[in-house]
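Counting begins at 1 with the first residue of the sequence. Note that the structure is a prediction, hence the values are computed from the model and not measured.
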Amino acid sequence: MVAAPAARVLAEITAATDAAIDPLFTDFVDRVGGVKVVGNPLSERFERNGRSAQLFANFLLEAWPENAGTTYEVQPALLGELASGGRYFRQIAPFRSEPTVEYIWQTRHSVRFGFLELWKRLGRAELLGLPISEEVPEVGGITAQFFQRGKLSYLATRDVPIQIEPLGSQYLASLSDGLDASYTVDPIAPQSPSAATSLRVAVANTGDDTWAASGDDAVTVGVRWADSHNPSARATPNPLSLTDDVAPGGSITVDIAVQMPTVPGPFRIQPDLQIGGEWFSSRAVRAPIVDAPVRLDTPDIRVGLLDISDDNPGVDRATIFSTAGLAISDEGGTVLGQLGADERAVIRRDIPNERHLVDLPDGTRLATAGKVLIDPIEESLLRLEETAPQRTYRGTMEFAWLPSYQSAWLVNTLPMDDYLSGLVEQNDTIPWEALRASAIAFRTYAYTVRAERRARNNLFDVAASTRHTPTLYTRDQVYHGYARELSGTRLREAIHDTRGCVLTYEGRTIHAVYFSRADGRTRSWHTQWGGQLKPWAVAVDDPYSRGQTLLGHGIGLPLRSANAMAAAGANGEQILASYYTGVDFEHVY
C-alpha cells in the first residue's frame, strides 16, 4: 500500500499581523536581503517537526542548532514542495547548460534567462532550493516556476517583472479553505504495453468541508501521468464522479480504469481530487505518486566466446563443464549426453567433414553436423576451460560451424542484463551515478549492434573479447561472464535500476561507443572514423580530463570523466547527455 498523509502540516499556525522577526532568524534575514526578500513575518515562532520555525510571506524559516556557527544554522524549509501539494511537474531530458539556460541534474529541470539570473543572485539553491518545475503558466498571464523552497513569477507589465512569490501568504490562506485529503493507493504490478488495468484509490476527507457529488463545486477523482516520458505514448483516464457527498471524516474507494502506455518504461501515475476543474494538489493538498511500470521480457543476446580456427593458435577444442550438471543435444533436440557437476565434454572441429566431434566423460565420441547445444540444469552455471581462468557463464551455450571461415565457435546465449553484468569496462567501486551512466551506455551499444548483426543473420551478436575471437575481429565490449559479478554486485544493481533504458537519437538507438580517457576534448566520429556524420557523436569540451593524455579512440563517453563527473554530483543521465549530443532516453524492455 502507498499512503499519502494530509498536507496541512502547518495548520497549527495562527496568523499574526503584528508579528516581528524572531531574534533566532534576524541574522539570516539580514544576510539574504531583509524582508524585501523573505517577506514580512506572518507568525510568531512555533515548533515544527521538533524545530523552531517562523513563517514569512515568501519563505518558511527553520532553525538547525546542530549547525551552529555555520551559514546553515537557519535554513528555508521546503515550502515550495509543500505548497505545490506534491504536484508532479513534467521533467525534461538532460542537455548541456549554457550561460542563459542551466540544466539542474538533481531534479531534471532547468532555470532560464531572468529566472536564472535572479536564482543565482539569491545564492542559487541556498535560498530558493532547486527547481521542481519548468516555467508554468498561471492565471492573469503570469509565468511562474516552483522551487523546493519558494517560487518565482514573471509578468511583463509589472514595474518589477520578475518577483519572489508570496508563497507563505498563499499557503497560509489555503489552510482556511476547508479542503484536505489523505490517500491510500494499491500498487500497480508491472504490466505489458497497452494492457488494461485498474488503480484502486481510497481517499479520506480530512478537511472541514463536505465533498459535493454534483453542482458547480462537485469533487471528482482523477489521475495524471507523473513522469518525463512522451505524453503521446499513453492516454489519461477521465475523472470519476462521486456517487454521494462525502462529509468530513468520511471516505470513498474507487477503481480507476487505466490503459497502460504503448511502450515500456518506468511510468508513474498520480491520483488527485478535483474541485471545479482544479486539482486539490494545486491548493497544497498532497497527492501521492505511485509506480506504474510497463515491461517487455528482457531480450537475449548471443556472445561469441571462443574461436576455434587457425587464426587462434593453440586453441583446437572447447572443454565445457558446469557447477551442477548439463545436457548436450544436437540441433534437432536429440540428447547426446548428460553430465554431472564438473564432468567435462570436449568438442572439436572436424574440418574435412565440416562437423563436430564430441568426447564425453565415459570415453564415447559422437560426430554431429549443425549446432551442438549445451543446456545447464536449473541453477547451474557453465564453465569454459579455454577462457582463463576457466570462466563461468550464465545462460546456455552452442557450438557452431562457420564453413566460410573453416572455424568453429562457442556462443553463449543469455538475457541482456546478465550479459551487461559480466562486462569489465568499469570497476565496481566507482560512484553510483557513473555506474548508472555506464549501464545505459553498455546496454545501448549492445542493443544497437545486436539488431544490426541479427539483420545480417550473423552467428552471434557481440564478441566477448579480441583475445579469444580473432577470426571475426571486433571492438565489442569485454565480457568475462559471472567472474565480473564476483568482484561486486553494484554494476548489476545499476543495470536493474536502469532496466531497458537506452540512448536514442531521433527515435533510433545509437552506437554508444566509449573509451577510457580524454585529453580535455572528445573527438568526432566522422573525423576519426569517416563515414556519414553522426550528430550525436561530435567533439565536445571535457573539463574533467584537462591536462591528461588521450587513452582510447576519443569518441563518445570518456569513462574516467564519467566517474569524475559523478563524484562532482552529476546524475547518470546528465553525464551521458554531456558527451552524446542531442540524445533522448527511451526504454526498449
Side-chain angles (χ1 to χ4, degrees), residues 5-86 118-119 121-123 125-129 132 138-140 142 144-153 155 158-160 162-180 206-209 281-286:
R8 305 312 176 94
V9 296
L10 302 185
E12 70 277 12
I13 292 178
T14 301
T17 55
D18 58 348
I21 302 173
D22 189 272
L24 195 59
F25 303 107
T26 301
D27 289 346
F28 178 87
V29 171
D30 291 342
R31 177 163 60 85
V32 300
V35 293
K36 69 178 182 180
V37 171
V38 301
N40 292 317
L42 303 180
S43 74
E44 303 293 344
R45 188 169 78 182
F46 64 98
E47 293 298 310
R48 175 177 183 260
N49 297 332
R51 298 189 181 280
S52 295
Q54 186 171 18
L55 184 65
F56 292 76
N58 302 339
F59 294 95
L60 170 64
L61 301 185
E62 291 182 332
W64 290 66
E66 62 268 38
N67 296 331
T70 74
T71 57
Y72 301 104
E73 188 172 358
V74 171
Q75 299 178 39
L78 300 177
L79 185 60
E81 294 183 0
L82 186 66
S84 69
L118 180 56
W119 184 63
R121 209 162 62 233
L122 294 172
E126 181 181 1
L127 187 64
L128 283 166
I132 58 174
E138 293 196 335
V139 176
I142 291 174
Q145 184 165 19
F146 284 84
F147 293 77
Q148 292 168 317
R149 297 167 172 169
K151 183 180 177 184
L152 298 179
S153 69
L155 184 62
R158 294 190 302 214
D159 291 340
V160 181
I162 296 178
Q163 297 179 9
I164 303 172
E165 280 285 283
L167 208 54
S169 299
Q170 295 170 13
Y171 183 76
L172 191 60
S174 74
L175 297 179
S176 61
D177 66 9
L179 291 180
D180 205 359
T206 56
D208 301 324
D209 294 346
S281 59
S282 67
R283 296 193 180 188
V285 179
R286 181 166 293 278

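Scanning all heavy atoms of the two residues, the minimum distance from Ala53 to Arg48 falls at CB-CB, 4.2 Å. Minimum heavy-atom separation, Arg149 to Ala125: NH1-O, 3.1 Å. Counting all heavy atoms, side chain and backbone alike, Ser43 lies closest to Ala19 at O-CB, 3.5 Å. Ala284 approaches Ser174 most closely through the heavy-atom pair CB-OG, 3.9 Å.
Side-chain atoms of Ser153 and Gln163 include no donor-acceptor pair closer than 3.5 Å. A donor-acceptor contact closer than 3.5 angstrom is absent between the side chains of Glu44 and Gln54.
Contact check for Asn58 versus Val37: no side-chain heavy atoms found under the 4.5 Å cut-off. Two residues are said to be in side-chain contact when any heavy atoms from C-beta on lie closer than 4.5 Å; Leu60 and Leu78 fail this criterion. Within the 4.5 Å cutoff, side-chain heavy atoms of Lys151 are placed close to those of Gln170. Residues Pro65 and Arg51 form a side-chain contact, since some pair of their non-hydrogen atoms from C-beta on lies under 4.5 Å apart. Side-chain atoms of Phe28 and Pro76, non-hydrogen and from C-beta on, do get closer than 4.5 Å to each other. Leu118 is listed as a side-chain neighbour of Leu152, based on a closest heavy-atom distance under 4.5 Å. Taking the side chain as every heavy atom from C-beta outward, Gln75 and Glu62 never approach each other to under 4.5 Å. Contact of the Gln148 side chain with the Leu128 side chain is not registered, since no non-hydrogen atoms from C-beta on lie closer than 4.5 Å.
Within the model, atoms OG of Ser84 and CZ of Phe147 stand 13.0 Å from one another, a figure rounded to the nearest 0.5 Å. The structure places CG of Asn67 at 4.5 Å from OG1 of Thr70, a figure rounded to the nearest 0.5 Å. Interatomic distance, CG of Asp177 versus CZ of Arg283, reported as 5.5 Å (0.5 Å rounding). For the atom pair CG of Leu179 and CG of Asp208, the computed distance is 9.5 Å after rounding to the nearest 0.5 Å. Separation of atoms CZ (Arg121) and CD1 (Ile162) is listed at 8.5 Å; rounding is to 0.5 Å.
Looking at Ser281, its side chain never comes within 3.5 Å of a backbone N or O of Gly86 through a donor-acceptor pair.
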Item to check | Verdict with supporting geometry, Glu126 and Arg31, salt bridge (Lys or Arg N to Asp or Glu O under 4.0 Å) | outcome: CA-CA 12 Å; Glu126 181 181 1; Arg31 177 163 60 85; 2.8 Å; yes
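Of the listed residues (Val29, Val32, Val38), just one forms a side chain to side chain contact (heavy atoms under 4.5 Å, CB included) with Phe59, and that residue is Val38. Checked options Leu61, Leu79, Leu167; the residue passing with Phe56 is Leu61 (criterion: side chain to side chain contact (heavy atoms under 4.5 Å, CB included)).
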